[in-house]
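Heads up: the structure comes next, in structure tokens.
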Amino acid sequence: MFGARTPTLPPATHTNSYALGARDVLLIEPSTPYESEQRAWIAWARGLASQGRTPVAIVATHHHPDHVGGIDVLARELGLPIWAHARTASELPRTPIARLLADGDEIPLAGPIPERWTVLHTPGHAWGHVCLWDDDSRTVVVGDMAASVGTILIMPGDGDMRVYLEQLERLAKLDARLALPAHGEPIDEPTTLFQRYIEHRGLREKKALRSLPESIDRGETLEDLVPIAYNDVPVTSWPIAKLSLASHLAKLRDDGAAIERDGRWARAAGGDP
């Protein structure tokens with residue numbers, strides 16, 4: 001693991017990159033846009049040779065700036081191809097993507113103990129988000145699906161709360177022993193964390209529903225609702241909470257539990273508070 005400073009959401013300050021494989025190596029997350037951090041990242045990658053390890057590709061889990069801020073520089077300096085999902089490639093039109101990763105693809109890595117990583121397409125946080133799963137070690141690289149520091153933001157349009165929760169359920173079913181997140185330390189009990197995320201989001205959804213007025217004629221804006229639905233978080237976090245609330249309300253609308261008119265929200269008829 002190599003943590004590089006990136007323009008990520010606080011309280012996180014760094015994005016983790018990983019070198020997977022004992023001989024052939026995948027470098028995960030070409031993250032940092034900062035020149036000094038890029039020099040350190042390149043030195044870390046080149047230093048793998050002293051361990052008999054050879055990078056074969058750079059993998060981007062998704063397109064957010066704190067994950068691909070150094071993608072072109074790092075790939076060019078190391079002479080490595082970039083692999084990513086097609087939806088990520090579409091968000092990086094000026095970056096040549098040598099291999100488009102798809103759900104179920106297998107990536108064999110030769111070495112004294114051969115490894116075989118499986119690509120899991122896990123949209124929700126970002127439409128092109130991928131995780132990597134090694135069944136032998138029961139290790140999963142989770143990118144921004146979960147973190148051991150900070151929170152995971154689901155932004156309207158860029159992500160989808162329903163899809164995100166479905167993919168968390170999928171990750172929980174892996175029964176992984178170890179998760180490698182982009183932010184924070186490795187996670188020793190990932191299934192417990194995935195389930196806690198699902199439970200927390202469910203509780204927040206119920207709170208969001210309870211915050212809605214019963215009539216669209218008295219509908220309230222996101223700005224009105226954030227202090228109610230997120231009264232348990234610091235005011236300084238409300239701008240981020242507003243984005244998260246928008247994703248929760250979009251899910252409730254799709255479920256038929258909420259309605260929206262001209263930017264104002266209310267509980268749908270029959271919506272259970």
Side-chain angles (χ1 to χ4, degrees), residues 1-2 15-31 45 48 53-64 67-68 71 75 80-92 97-148 152 159-160 163-195 197-198:
M1 185 176 81
F2 181 86
T15 299
N16 297 330
S17 296
Y18 295 95
L20 306 181
R23 188 167 73 208
D24 289 352
V25 172
L26 293 180
L27 299 178
I28 314 299
E29 308 292 32
S31 58
L48 296 170
R53 304 169 73 194
T54 303
V56 296
I58 292 174
V59 174
T61 62
H62 61 297
H63 72 280
H64 290 163
H67 291 256
V68 297
I71 193 168
L80 293 174
I82 301 166
W83 298 353
H85 190 271
R87 291 292 296 267
T88 298
S90 71
E91 297 286 347
L92 304 171
I97 306 297
R99 177 177 174 179
L100 298 178
L101 301 175
D103 191 70
D105 283 357
E106 292 190 344
I107 304 173
L109 298 177
I113 301 176
E115 299 179 17
R116 185 174 297 273
W117 292 83
T118 301
V119 176
L120 307 178
H121 181 212
T122 52
H125 172 70
W127 291 113
H129 195 288
V130 295
C131 295
L132 296 176
W133 165 244
D134 177 33
D135 190 61
D136 289 335
S137 66
R138 309 204 69 75
T139 299
V140 60
V141 178
V142 295
D144 267 0
M145 288 298 293
S148 54
I152 301 300
D160 183 282
V163 175
Y164 173 67
L165 292 172
E166 289 172 351
Q167 294 304 319
L168 280 178
E169 294 274 11
R170 181 187 186 190
L171 293 177
K173 291 177 181 177
L174 294 174
D175 191 28
R177 293 194 187 112
L178 180 69
L180 303 178
H183 306 289
E185 294 299 314
I187 301 162
D188 291 328
E189 297 182 357
T191 302
T192 299
L193 181 65
F194 299 147
Q195 292 170 340
Y197 267 44
I198 295 166

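R138 pairs by the side chain to side chain donor-acceptor pair (under 3.5 Å) definition with D135, not counting sequence neighbours. For R99, the salt bridge (Lys or Arg N to Asp or Glu O under 4.0 Å) test picks out no residue, with sequence neighbours left out. Under the side chain to side chain donor-acceptor pair (under 3.5 Å) criterion, E91 pairs with no residue at all, not counting sequence neighbours. The side-chain contact (heavy atoms from CB on, under 4.5 Å) check on A45 picks up L27, W41, L78, with sequence neighbours excluded. Shown here are the ring-ring contact (aromatic ring centres under 6.0 Å, His included) partners of H129, two or more places apart in sequence or in another chain: H62. Take A102 and apply the side-chain contact (heavy atoms from CB on, under 4.5 Å) test, not counting sequence neighbours, and it matches D105. For D103, the salt bridge (Lys or Arg N to Asp or Glu O under 4.0 Å) partners are R170, not counting sequence neighbours. Residues meeting the side-chain contact (heavy atoms from CB on, under 4.5 Å) test with T54, sequence neighbours left out: none. By the side-chain contact (heavy atoms from CB on, under 4.5 Å) test, Q195 pairs with A172, T191, sequence neighbours left out. Contacts of R116 classified as salt bridge (Lys or Arg N to Asp or Glu O under 4.0 Å), with partners at least two apart in sequence or in another chain: E106. In this structure, the side chain to side chain donor-acceptor pair (under 3.5 Å) partners of S137, at least two apart in sequence or on a different chain, are D134, T139.
The side-chain heavy atoms of Q167 and H121, taken from C-beta on, include no pair separated by under 4.5 Å. Side-chain atoms of W117 and C131, non-hydrogen and from C-beta on, never get closer than 4.5 Å to each other.
D144 and H64 share no donor-acceptor pair across their side chains, judged by distance under 3.5 Å alone.
Evaluated for a side-chain contact (heavy atoms from CB on, under 4.5 Å) with L168, the options I198, L193, I152 yield exactly one hit, I198.
Of the possible polar contacts, one joining the N16 side chain to the G184 backbone as a donor-acceptor pair under 3.5 Å is found. Between the side chain of Y197 and the backbone N or O of M145, no donor-acceptor pair lies under 3.5 Å.
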Side chains of residues 82-89: which donor-acceptor pairs under 3.5 Å do they make with residues two or more places apart or in other chains?
{"unit_1": "H85", "atom_1": "ND1", "unit_2": "R87", "atom_2": "N", "d": "3.0"}
{"unit_1": "T88", "atom_1": "OG1", "unit_2": "G128", "atom_2": "O", "d": "3.2"}

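The structure places CD of E185 at 6.0 Å from OG of S148, a figure rounded to the nearest 0.5 Å.
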